[in-house]
Amino acid sequence: MVAASGVVPLSSPRLPVPRRWPWLVALGLGVALALAPLALQMFTRGPGGAAMLTDFRPYMQPKVIADFQRYIDTVDAGAQELQGRSRFVAASRLGMPADTFDTEYSALVQFEKDWPKARDDMRVLLDTISANVGNYGSVAALPSFRLFPYFFVLPGLMVAAVAVVGLRRQRAGRDTRPPARGLAVLGVALIAAPLIFQMFSRAPDGEQMLDEFRPLMTTERITTVQGYFVTMAGGEAAVRGQLLPALDRAGVDEPERRALLPKAYGFTEVWTRMANQMAPMLAAMNDNLTRYNGLIALPPFGLFPWFFVAPGVLLIMLGVLTMRAGFTTGRGAEKPQAGADPVLVPVLSKEI
């Protein structure tokens, strides 16, 4: 038996060829996140929204709105009583004909005429606010709108930085798995943020509140409601400053005056308190029209959780892809040298 040995040339094993596109996609995503607040003017609209929520806070309380609604009911009862009894009282106690009454008490006549529409409009206003107290609470429980732009900028900058590191390590032939894990971690953080802050329930509540406030938050509507206060002030002044003193001069004592016009007395007794509390609410609405319009110019609030979740899912996918063999040089892998000899494998042959 004669033994002989020989060599058989084999091809060199191909090491994974790294690909750049996952890192470039991650870089583009990071830049897009960082620039989104600029494109959407969040640096002005966000603080404006925060200021609006602060200004509305004293009025978005169930007790406050219930008090306002009771004021409207009290004024309504007084207005109905005056419309039905004031001319009779003036005729029977003052000897004043109806046509003279309408001339002498023109402000009261105007109040009686305008009140039904004023009452209905103000009830719609208060009912809308009352129905959105819970929605306001949901929005107020979110992080401040002043911080909102940075929820995009900071993650965007971090994603872009990790992508640049990944590209540089890839170019240098170094292991790209650490930055790939970084992409995945950032993706998980983006998905977790809306869950932690309960944005999937709170953001749609905010969207509903803004939508339902849309008919109220106009210059025309607010000016109209403020005008109702001028009408109410005129009617109250006519009762308190004209009619009741005239009855007093005619010898009608206070108990009888109260018996004749009990609900009108109630109107005069709540008026100052009502005006002092409700007028600032209307002023706050008027002062925040620009801020409100800035908020409704943003994308619908219900979409904002997905502005975190969708990039988060994409980052996790990119991180997983870049950790696969096809997208990394591998830890400790050596790059094949050009012109290297083929691997030689000894082969034992036998001769019989």
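Everything quoted here is computed from the prediction, not taken from an experiment.
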Can you tell me how far apart [atom1] ([X]) and [atom2] ([Y]) are? Round to the nearest 0.5 Å.
X    : Y    : atom1 : atom2 : answer
R45  : I296 : CZ    : CD1   : 10.0 Å
L125 : S130 : CG    : OG    : 11.0 Å
Y71  : M278 : OH    : CE    : 9.5 Å
D287 : I222 : CG    : CD1   : 9.0 Å
R93  : L247 : CZ    : CG    : 8.5 Å
L82  : L108 : CG    : CG    : 5.5 Å

Practice prompt. Would you please test Y228 and D121 for side-chain hydrogen bond (donor to acceptor under 3.5 Å, both in side chains) and show each step?
Written response: CA-CA 9 Å; Y228 296 151; D121 282 358; 2.6 Å; yes
Can [X] and [Y] be counted as having a side-chain donor-acceptor contact under 3.5 angstrom?
X    : Y    : answer
Y59  : Q277 : no
E207 : N135 : no
N288 : R291 : yes

In the structure I gave you, are the side-chain heavy atoms of [X] and [Y] within less than 4.5 Å of one another anywhere?
X    : Y    : value
M217 : N293 : no
T176 : W23  : yes
P58  : M281 : no
Y105 : T100 : no
M285 : R221 : no
P311 : L314 : no
K263 : Q80  : no
F200 : V309 : yes

Keeping the roles fixed (side chain from [X], backbone from [Y]), state whether a donor-acceptor pair exists under 3.5 Å.
X    : Y    : value
T103 : D99  : yes
Y292 : L210 : yes
Y136 : L53  : yes
N286 : L282 : no
Q198 : P194 : no
S92  : F88  : yes
D248 : L244 : no
R169 : P179 : no
Q83  : V109 : no
T322 : L318 : yes

For residues [X] and [Y], report the shortest heavy-atom separation together with the two atoms involved.
X    : Y    : value
S86  : F101 : OG-CZ, 3.5 Å
I65  : L126 : CG2-O, 3.8 Å
A184 : I316 : O-CG1, 3.7 Å
I72  : M122 : CD1-CE, 3.5 Å
R119 : D76  : NH1-OD1, 3.0 Å
F197 : L142 : O-CD2, 3.6 Å

Practice prompt. Tell me, with the steps shown, if D211 and R214 meet salt bridge (charged side-chain N to carboxylate O under 4.0 Å, His left out).
Written response: CA-CA 5 Å; D211 186 60; R214 196 181 299 267; 3.7 Å; yes
Decide whether [X] and [Y] are clustered together by the hydrophobic rule: side chain heavy atoms of Ile, Leu, Val, Met, Phe, Trp, Tyr closer than 4.5 Å, transitively.
X    : Y    : result
V185 : M317 : no
W306 : V188 : yes
V89  : L94  : yes
V124 : F213 : no
V139 : L289 : yes

Item to complete: Check step by step if salt bridge (charged side-chain N to carboxylate O under 4.0 Å, His left out) holds for E104 and R87.
Response: CA-CA 11 Å; E104 291 288 331; R87 288 164 184 77; over 6 Å; no
Practice prompt. Flag yes if more than 12 heavy atoms outside R168 fall under 6.0 Å of its CZ atom; otherwise flag no.
Written response: no
Note: [X]-[Y] ion pair, threshold 4.0 Å (strictly below):
X    : Y    : result
E81  : R85  : no
D73  : R123 : yes
R273 : D67  : no

Practice prompt. Establish, yes or no, whether a centroid distance under 6.0 Å links the rings of F304 and F307.
Written response: yes
Practice prompt. Compute the centroid of each ring, for F267 and then for W115, and state whether the two points are separated by less than 6.0 Å.
Written response: no
Discussion item. If you apply the rule side-chain hydrogen bond (donor to acceptor under 3.5 Å, both in side chains), what do you find for Y265 with R257, and how did you get there?
Written reply: CA-CA 9 Å; Y265 259 95; R257 294 197 301 270; 3.2 Å; yes
Table please: side-chain donor-acceptor pairs of residues 143-163 below 3.5 Å, with sequence neighbours left out.
residue	atom	partner	partner atom	Å
S144	OG	R146	N	3.1

Item to complete: Go through the steps to decide whether L33 and L190 satisfy the test side chain to side chain contact (heavy atoms under 4.5 Å, CB included), and finish with yes or no.
Response: CA-CA 11 Å; L33 283 172; L190 282 173; 4.2 Å; yes
Practice prompt. Mind running side chain to side chain contact (heavy atoms under 4.5 Å, CB included) on F68 and M274 for me, showing each step along the way?
Written response: CA-CA 7 Å; F68 290 173; M274 174 184 178; over 6 Å; no
